Amino acid sequence: MINFERFELENGLKIIVHQDKSTPLACINILYNVGARDENPDQTGFAHLFEHLMFGGSINVPNYDEPLQRVGGENNAFTTNDITNYYLTLPADNIETGFWLESDRMLSLAFSEKSLEVQRNVVIEEFKQRYLNQPYGDVWLLLRPMAYKVHPYQWDTIGKEISHIENAQMQDVKNFFNKFYCPNNAIMVVAGNIEVEQVKVLAEKYFAPIPKGPQNNRNLPKEPEQKEARLLTVERDVPATAIYKAYHMCARLDSEYYTIDLISDILSRGNSSRLHNSLIKEQQLFSDIHAYVMGDFDKGLFVISGKLSKGVTIEQAETAIEEEILKIKNSLVTDDELTKVKNKIESSHVFGEVDVLSKATNLAVSELLGNANLINQEVEKYLAVSNQQIKDAATKLFSAKNCSTLHYISKSN
């Protein structure tokens with residue numbers, strides 16, 4: 001059980017405080033309710049560009065990292081299609097430095113042409129290195145637009161294409177910042193060896209003066225039900241042929257989410273899982289194979305991906321995956337198998353509650369999903385899933401018409 005207190009400033013900033021006296025550290029996690037899905041389809045990659053720009057200094061702090069490192073702190077950030085998350089950890093005695101730094105860049109990020117140019121080049125280089133010039137790097141640039149035709153999940157966080165970042169103008173960047181990087185579009189979690197009253201005082205001092213931003217009411221286009229199997233075959237200079245199968249599934253808050261997440265664990269969590277046992281150990285058709293949910297807030301994807309062993313054809317691989325899918329659709333999972341994956345969920349949840357940073361991030365995400373206490377309720381939701389629910393969800397999920405398949409053929413094969 002993770003205990004916390006919650007309050008809100010007049011400018012709309014939601015604050016959650018979790019006290020943990022077992023650590024000398026404190027963590028500040030600021031989650032902005034903006035991700036790649038909020039971008040203009042002709043100006044993608046902006047949320048990720050901002051992840052970099054936010055470290056380019058603010059009006060009063062030209063170098064964000066330096067004062068933080070001086071007090072023994074460290075920081076990082078990540079962007080997804082749903083959120084942008086910034087976090088720092090430091091000795092609890094120095095928590096005020098964290099408040100100062102985070103509030104200053106929320107209030108007055110330094111928009112200089114130099115900073116924009118530097119970060120723009122960093123992102124363009126990342127696009128080339130990680131997505132275009134790396135083996136299998138372009139998979140999601142191919143798979144997303146195949147699976148999504150109208151919803152903005154059709155592009156990755158890096159953006160649709162490099163030109164969108166290359167052409168990013170200062171005014172576009174400022175508009176994006178002013179719309180999304182404001183207190184009423186953020187959730188701050190402070191966790192660690194701190195007092196609730198201390199956090200309230202510091203929040204009032206540093207964040208209360210920041211003016212409220214606009215109300216952002218999302219009205220994203222809903223992805224229509226996929227009614228035909230989709231297939232794309234590409235040839236690339238990669239070590240092994242790979243296959244990717246993406247099935248549309250429910251949203252993160254739907255009750256069925258927990259059932260489908262358990263299906264991914266039954267299929268591929270650990271060396272005793274079905275896909276690993278059958279397709280790697282016994283039949284030796286794959287060198288690796290995984291099944292996972294993307295965890296998207298809106299209706300997301302369930303993905304099966306694997307790299308083929310040498311000499312195996314794409315048809316053999318496809319047939320073998322289909323046979324495993326038929327098994328989980330046609331017969332009930334045993335009680336033992338279901339208990340095993342539930343136990344793994346429970347233990348990973350316990351281990352996930354060990355460090356303050358994980359707790360802070362999970363509290364922020366839970367609050368954004370509507371209720372910070374979700375963090376304390378999720379294990380029960382997994383434990384409540386029955387064998388019959390697994391079978392029913394698998395039957396609905398694994399329809400050929402609901403699948404987008406990418407055959408990623410190695411030239412050397």
Side-chain angles (χ1 to χ4, degrees), residues 1-20 26-35 37-38 47 78-87 102 153 180-192 194 196 199-200 203 207 212-213 215-220 222 249-262 264 293-300 342 345-385 389 393:
M1 179 78 173
I2 294 176
N3 296 309
F4 60 89
E5 287 198 35
R6 183 187 180 285
F7 62 97
E8 193 170 316
L9 299 182
E10 279 187 28
N11 58 14
L13 178 64
K14 296 181 180 73
I15 299 167
I16 292 169
V17 187
H18 165 67
Q19 190 180 60
D20 180 353
C27 160
I28 297 177
N29 188 100
I30 297 195
L31 184 153
Y32 288 96
N33 186 10
V34 57
R37 65 176 171 167
D38 297 299
F78 64 86
T79 313
T80 72
N81 287 68
D82 298 306
I83 61 169
T84 311
N85 196 64
Y86 299 86
Y87 53 92
E102 287 299 339
Y153 283 161
F180 294 112
Y181 290 77
C182 43
N184 49 306
N185 202 48
I187 295 162
M188 177 164 74
V189 179
V190 185
I194 36 85
V196 176
V199 172
K200 284 182 176 174
F207 284 92
K212 206 172 192 168
Q215 282 304 119
N216 296 313
N217 298 314
R218 273 195 191 90
N219 187 19
L220 301 178
K222 284 193 167 47
M249 61 172 280
C250 63
R252 180 66 181 77
L253 274 176
D254 292 345
S255 57
E256 205 179 35
Y257 176 85
Y258 303 97
T259 307
I260 295 175
D261 196 18
L262 282 171
S264 75
V293 300
M294 298 294 286
D296 297 310
F297 288 9
D298 292 337
K299 289 190 173 179
K342 285 179 177 179
I345 291 269
E346 208 166 0
S347 61
S348 63
H349 189 81
V350 170
F351 286 123
E353 289 180 2
V354 172
D355 71 292
V356 284
L357 182 55
S358 297
K359 287 188 279 190
T361 309
N362 292 335
L363 277 164
V365 170
S366 296
E367 178 66 19
L368 183 60
L369 286 168
N371 174 15
N373 202 41
L374 188 64
I375 197 171
N376 294 316
Q377 299 164 349
E378 293 219 287
V379 169
E380 293 306 317
K381 292 179 190 244
Y382 283 107
L383 297 181
V385 173
Q389 283 173 304

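Note that the coordinates shown come from a computational prediction; the quantities given were computed from them, not determined experimentally. Throughout, residue positions are numbered sequentially from 1 according to the sequence presented.
Between the side chain of Asp261 and the backbone N or O of Val293, no donor-acceptor pair lies under 3.5 Å. Between the side chain of His349 and the backbone N or O of Ile375, at least one donor-acceptor pair lies under 3.5 Å. Using a distance-only test at 3.5 Å, with no hydrogens or angles considered, no donor-acceptor pair links the side chain of Asp254 to the main chain of Glu256. When atom types are taken as modelled, the side chain of Asn376 and the backbone of Met1 share no donor-acceptor pair closer than 3.5 angstrom.
Of all heavy-atom pairs between Ala372 and Ser366, the closest is O-CB, 3.5 Å. Closest non-hydrogen pair, Ile16 versus Arg6, comes out as CG1-CG, 4.1 Å. Shown here for Ala47 and Gly35, the closest heavy-atom pair between the two residues is CB-C, 3.8 Å. In plain terms, the two heavy atoms of Cys250 and Ile260 that are nearest each other are SG-CD1, 4.1 Å. Between Ile83 and Phe78, the shortest heavy-atom distance links the atoms CD1-CE1, 3.9 Å.
Atom CG in Leu374 sits 11.0 Å away from atom CG in Leu368 (nearest 0.5 Å). Rounded to the nearest 0.5 Å, atoms CD (Glu367) and CG (Asn373) are 10.0 Å apart. The CG atom of Leu31 lies 5.5 Å from the CD1 atom of Ile187; values are rounded to the nearest 0.5 Å. How far CG of Asn219 is from CG of Asn216: 12.5 Å, rounded to the nearest 0.5 Å. Taken to the nearest 0.5 Å, the CG atom of Leu13 stands 10.5 Å off from the CG atom of Asn185. Atom CG of residue Leu383 and atom CG of residue Leu262 lie 8.5 Å apart, to the nearest 0.5 angstrom.
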- Message: Set out, in order, the CA-CA distance, both residues' side-chain angles and the distance that settles side-chain contact (heavy atoms from CB on, under 4.5 Å) for Lys359 and Phe4, then state yes or no.
- Response: CA-CA 10 Å; Lys359 287 188 279 190; Phe4 60 89; over 6 Å; no

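Using a 4.5 Å heavy-atom cutoff, the side chains of Leu253 and Phe297 are not in contact. Within the 4.5 Å cutoff, the side chain of Asn29 has heavy atoms near those of the Asn85 side chain. Here the side chains of Val189 and Tyr87 are not in contact, with every heavy-atom distance at 4.5 Å or above. The shortest side-chain heavy-atom distance between Met249 and Tyr257 falls under the 4.5 Å cut-off. For the pair Ile15/Val199, a side-chain contact is recorded, criterion being any heavy-atom separation below 4.5 Å from C-beta on. A 4.5 Å side-chain heavy-atom check between Leu9 and Pro183 finds every atom pair outside the cut-off. Within the 4.5 Å cutoff, the side chain of Asp82 has heavy atoms near those of the Tyr153 side chain.
With a 6.0 Å radius and a threshold of 12 heavy atoms from other residues, nucleotides or ligands, Gln377 has its CD atom above the threshold. No more than 12 heavy atoms of other residues, nucleotides or ligands shown are found within 6.0 angstrom of CD on Glu5. More than 12 non-hydrogen atoms from other residues, nucleotides or ligands lie less than 6.0 angstrom from NZ of Lys342.
Using the six-membered ring where Trp is involved, Tyr181 and Tyr32 have ring planes that are tilted, between 30° and 60° apart.
For Asn3 and Gln19, the side-chain atoms include no donor-acceptor pair closer than 3.5 Å. No side-chain donor-acceptor contact under 3.5 Å links Glu346 and Tyr382.
Under the salt bridge (charged side-chain N to carboxylate O under 4.0 Å, His left out) rule, Asp298 has a single partner from Arg37, Arg218, Arg252, which is Arg37.
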